[in-house]
Amino acid sequence: MISMLDPKTLTVFVTGATAGFGAALCRRFHEAGAKVIGTGRRTDRLDALKNELGERCHVLELDVTDREAVFAAIEGLPAGFDEPNVCIANAGLALGLEPAHQAQMSDWEQMIATNINGLVYTVRALLPGMVERNQGHVVLLGSVAGDYPYPGGNVYGATKAFVKQFALNLKADLLGSAVRVTNIEPGLAETEFALVRFHGDAEKASQPYQGTTPMTAEDIAETIFWSCTLPRHLNINRMQMMPITQAFSPFAIQRS
């Protein structure tokens with residue numbers, strides 16, 4: 001039987017902690033005894049998270065697309081939280097489901113700014129400390145959309161393909177250190193994700209989940225928690241997850 005890491009030794013930095021996967025991650029790690037640093041843009045939700053979790057939780061209002069703010073926030077972490085050894089770059093979003101020639105350029109730009117730029121700012125700001133201490137774990141939130149295209153997935157899927165390759169390249173760069181890198185790639189999971197994608201249209205947002213049993217934020221948090229508490233000599237490179245009610249489409253063929 002393998003000996004799992006003690007979660008009490010972990011200080012976990014989570015972006016996008018105000019909802020969905022991020023909030024579930026903060027709760028799961030905190031419940032196990034870890035310290036958590038929850039970041040996001042909605043201060044009311046951050047305050048509620050802090051009130052719920054207490055002294056082993058530190059919260060930061062942070063827009064990950066602001067490079068200077070990301071680096072300043074990490075440099076300014078208070079004592080007790082200033083050596084994170086788990087970085088979970090969770091903040092991300094999908095916007096719109098239109099075909100490429102009808103998509104809003106502003107949606108494309110925001111997905112690139114958040115899913116790519118925000119992710120790399122977060123990782124780059126935290127990684128030197130982990131390498132210097134020779135201990136850490138970078139967890140990236142990818143998607144099955146990074147491997148499998150679907151109509152309307154255009155730039156969203158492309159950003160997640162970037163996340164996949166960035167994770168693999170990080171692993172290559174970190175050979176010789178004890179810093180781990182994991183890309184978690186979920187499929188259909190019911191959070192505020194669809195509500196954001198459809199710009200607050202609750203009716204449209206509910207449609208992808210109708211008649212299914214999708215994954216939950218807690219399912220994803222539990223999987224990440226498991227990967228982070230494996231013995232330090234083990235590294236989960238990639239993990240794809242789908243609910244049993246999801247699989248792969250046949251090839252699309254247009255017939256005249």
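Each residue takes its place number in the sequence, starting with 1. Note that this is a predicted model, so its numbers are computed, not measured.
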#### Entry: I2 atom CD1, over 12 foreign heavy atoms within 6.0 Å
yes
### Task
Could you please spell out the steps behind the salt bridge (charged side-chain N to carboxylate O under 4.0 Å, His left out) verdict for D147 and R238?
CA-CA 12 Å; D147 271 343; R238 299 177 62 189; 2.5 Å; yes
### Task
Find out if a path of hydrophobic residues (ILVMFWY) with successive side-chain heavy-atom gaps under 4.5 Å connects L49 to V86.
yes
## Note on the structure
Contacts of E61 meeting side chain to side chain donor-acceptor pair (under 3.5 Å) (sequence neighbours excluded), chain-then-number -> none
### Query
With E83, which residues qualify under salt bridge (charged side-chain N to carboxylate O under 4.0 Å, His left out), at least two apart?
none
### Task
Determine yes or no for a side-chain-to-main-chain donor-acceptor pair under 3.5 angstrom, with N85 supplying the side chain and T9 the backbone.
yes
### Query
Between M130 and I88, is there a shared hydrophobic cluster once you connect ILVMFWY residues whose side-chain heavy atoms come closer than 4.5 Å?
no
### Task
Identify, with sequence neighbours excluded, every residue that meets side chain to side chain contact (heavy atoms under 4.5 Å, CB included) alongside V144.
Y148, Q240, M242
### Query
Is there a donor-acceptor pair under 3.5 Å between the side chain of T191 and the backbone N or O of A217?
no
### Message
Between D66 (side chain only) and A69 (backbone N and O only), is there a donor and an acceptor less than 3.5 Å apart?
### Response
yes
### Task
Would you mind checking if R27 and E52 are paired as a salt bridge, meaning a charged N to carboxylate O distance below 4.0 Å?
yes
### Query
What residues form a side chain to side chain contact (heavy atoms under 4.5 Å, CB included) with E98, not counting sequence neighbours?
Q102
### Task
Indicate if I220 and V36 have the same hydrophobic cluster label, given that clusters are the connected sets of ILVMFWY residues with side-chain heavy-atom separations under 4.5 angstrom.
yes
### Query
Taking T122 for the side chain and A89 for the main chain, is one N or O donor matched with an acceptor at less than 3.5 Å?
no
### Query
Judged by atom type as modelled, is there a donor-acceptor pair below 3.5 Å linking the side chain of N115 to the main-chain atoms of T159?
no
### Message
Please find the pair of heavy atoms, one from T15 and one from T39, that lie closest to each other, and give the distance.
### Response
CA-OG1, 3.2 Å
### Task
Can you sort out the partners of F225 under ring pair (Phe, Tyr, Trp, His ring centres under 6.0 Å), two or more places apart, ordered by chain and number?
F29
### Query
Between R232 (side chain) and A178 (backbone), is there a donor-acceptor pair under 3.5 Å?
no
### Message
Same cluster or not: L234 versus L10, using hydrophobic residues (I, L, V, M, F, W, Y) connected whenever any side-chain heavy atoms lie under 4.5 Å apart?
### Response
yes
### Query
For D63, what residues pass the side chain to side chain donor-acceptor pair (under 3.5 Å) criterion, not counting sequence neighbours?
T65
